[in-house]
Asks: 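Shown below is the structure under consideration.
Everything numeric in this text was worked out from a predicted model, so none of it was measured. Here is how names work: the chains are called A, B, and so on, in the same order as the sequence lines, proteins then strands, and each is numbered from 1.
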Number of protein chains: 2
Amino acid sequence: MEGTGKLGQGFEHRDENATRVPVHQQVYAQLRDAVLFGELAPGQAVTIQGLIERTGAGMTPIREAIRRLTSEGALEFRGNRRVVVPMLTVDAIDDLIFLRETVESRLAAHAAKKITTADIAALEKIDAQVDEAITRGDVSAYLRQNFAFHAKLYAVANAPVLMDVANSVWLRFGPSMRVVCGRMGTQNLPDNHKTALDALKAKNAQETADAMREDVVQGMEQIREALLDGTAFSDTID
Amino acid sequence: MEGTGKLGQGFEHRDENATRVPVHQQVYAQLRDAVLFGELAPGQAVTIQGLIERTGAGMTPIREAIRRLTSEGALEFRGNRRVVVPMLTVDAIDDLIFLRETVESRLAAHAAKKITTADIAALEKIDAQVDEAITRGDVSAYLRQNFAFHAKLYAVANAPVLMDVANSVWLRFGPSMRVVCGRMGTQNLPDNHKTALDALKAKNAQETADAMREDVVQGMEQIREALLDGTAFSDTID
DNA sequence: GCCACAAAAATATGATCAAATTCTGATTAG
DNA sequence: CTAATCAGAATTTGATCATATTTTTGTGGC
């Protein structure tokens, strides 16, 4: 996705049976990933004109994508029609930890009741890639695979409302997570996925919820400490 | 706001010092209220063309408003470019109850720590109007004033992340709430606001949280029972 | 019941207008 | 004489609309 530039290349012939993805959704997905995986730094400005050049799309679909991301908390309206990637405050991170702890453990419990062997296999495959990214020290891959693991669990839980909240939380701490990982590398990162997988196999909702809560809290606390420390975010724009 | 039709009438001269409100925000606010206070029934379709006629606005701002409401859970994408007011399922209402209970009590606790005497006065004034609406049997006024009470509490709490979640939850049960109230009238509606106000005056976070939790759960359970009963929603579209 | 055609609605683009930021240069205080 | 500040011009950016294109839906003939 990085550096490809324009959208829609290679899809000029439309008599294929491939389902057409609307431009506004493509822009949304691209911008969402950019925020989620830290390609945009906290405080960085996001302009409509810039996205027009970057994506080659028209103005309307870009506006739609920005509105969507804004109400999901990925972007922030800064008064004078300026849109930026929000910067985390300590107050905000406390609420995010609380939310993620609460929502993610409930999602995990739901998932434990509905999970199939195929789902477990998929989760194990993703978790193996998480491990690989950690040993390789590949921050970007870790962020993507770790998200994929949690996202898969949300999908299994099949609870749209909770999933929306969880995704919004991810979008809000994503940029800071990247900054923290960039500083610390991948060594101290949490991975309680194995415990969760064992609990999932046993279809034990309570244990699954506890394992995921542990995983979540560990990760979020690292961001919180970096925020309190302050040095990690000294280079961000304002 | 009802029945006024076109937007932006009477604002042709722009040398006033009145701050200009963008059209997409006006459309958003209008549509948001329509969902929140049950002017649109669950399952009802929302079309771009319809809104163009209804509001007199152009296409782009309407699209933006719809995208925003969609990611806030007030509207739902139904496959073939069709947007509808979502219908609540029993699974969804359970998650909404859980979320509102959790988030609203935390917001209440935050508010208790920061509240001023002016805020308390404002809350008491709103609560008086809630009482008046109940005795008058005015469902529409009850819905608006009750929301105003909670919204004021959110504003005092000053926790943007939690407030976004709470507002999203409101948008998701709003339409069904209206259906339920339309059936039952205003007599059996909960109002634990007095207890909450006492706790707020004492700046007791725990008691405030408990009072609000009680208020919230009572209201949500009524929707849940109506959903299980099923008769209340038999006339909705789909 | 199925396919073709017509009408309606949604997506996407570019043009136009308005507002805000930035840039420039001059004036003035230290 | 240098540096800071402010006014106004120029550029950039956002908001809105009108229009073209594509997709879906609805209808009538076979």
Asks: If you compare all heavy atoms of B/Phe149 against all heavy atoms of B/Ile126, which two are closest, and at what distance to 0.1 Å?
Replies: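 Looking at all heavy atoms of both residues, the shortest contact is N-CG2, 3.6 Å.
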Asks: Rounding to an integer number of Å, can you tell me how far A/Leu51 CG sits from D/dT12 P?
Replies: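 Taking CG of A/Leu51 and P of D/dT12, I get 17 Å after rounding.
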Asks: Could I get the full list of ring-ring contact (aromatic ring centres under 6.0 Å, His included) partners for B/Phe173, not counting sequence neighbours?
Replies: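 So B/Phe173 forms a ring-ring contact (aromatic ring centres under 6.0 Å, His included) with B/Trp170.
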Asks: Looking at B/Arg144 and B/Glu39, is any side-chain nitrogen of the basic one under 4.0 Å from a carboxylate oxygen of the acidic one?
Replies: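 Here B/Glu39 pairs with B/Arg144 in a salt bridge, since their nearest N and O are under 4.0 Å apart.
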Asks: For A/Val179 and A/Pro42, work out which heavy atoms get closest and say how close.
Replies: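 Smallest heavy-atom distance, with atoms named: CG2-CD, 4.0 Å.
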Asks: Show, in sequence, the C-alpha distance, side-chain angles and deciding distance for A/Glu72 and A/Asn167, and conclude whether the side chain to side chain contact (heavy atoms under 4.5 Å, CB included) test is met.
Replies: CA-CA 8 Å; A/Glu72 287 171 13; A/Asn167 280 328; over 6 Å; no
Asks: Rounded to whole angstroms, how far apart are CD1 on B/Ile62 and C1' on C/dA10?
Replies: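 Computing the B/Ile62:CD1 to C/dA10:C1' distance gives 13 Å.
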Asks: In whole Å, what is the span from the CD1 atom of A/Ile52 to the C1' atom of C/dA15?
Replies: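 These atoms are roughly 12 Å apart.
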Asks: Between A/Arg172 and B/Asp164, is there a salt bridge with N-O shorter than 4.0 Å?
Replies: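 Yes.
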Asks: If you compare all heavy atoms of A/Ala159 against all heavy atoms of A/Leu107, which two are closest, and at what distance to 0.1 Å?
Replies: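 Looks like CB-CD2, 4.1 Å.
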Asks: May I ask you to decide whether B/Lys114 forms a salt bridge with B/Asp119, counting only side-chain N to carboxylate O separations under 4.0 Å?
Replies: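 No salt bridge links B/Lys114 with B/Asp119.
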Asks: For nucleotides 5-9 of chain C, give me every protein contact, N/O to N/O, under 3.5 Å, one pair per line with atom names.
Replies:
none

Asks: Anything under 3.5 Å between a protein N or O and an N or O of nucleotides 16-18 of chain D, put it in a table, one pair a line.
Replies:
from	atom 1	to	atom 2	distance (Å)
D/dT16	OP1	B/Val23	N	2.3
D/dC17	OP2	B/Gly58	N	2.6
D/dC17	N4	B/Thr60	OG1	2.7

Asks: Once you round it to whole Å, what is the distance between P of C/dA10 and CZ of B/Arg67?
Replies: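 Whole-Å distance recorded here is 10 Å.
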Asks: State whether A/Arg78 places a side-chain N or O below 4.0 Å from either non-bridging phosphate oxygen (OP1 or OP2) of C/dT21.
Replies: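 It does not, given that no N or O in the side chain of A/Arg78 lies less than 4.0 Å from OP1 or OP2 of C/dT21.
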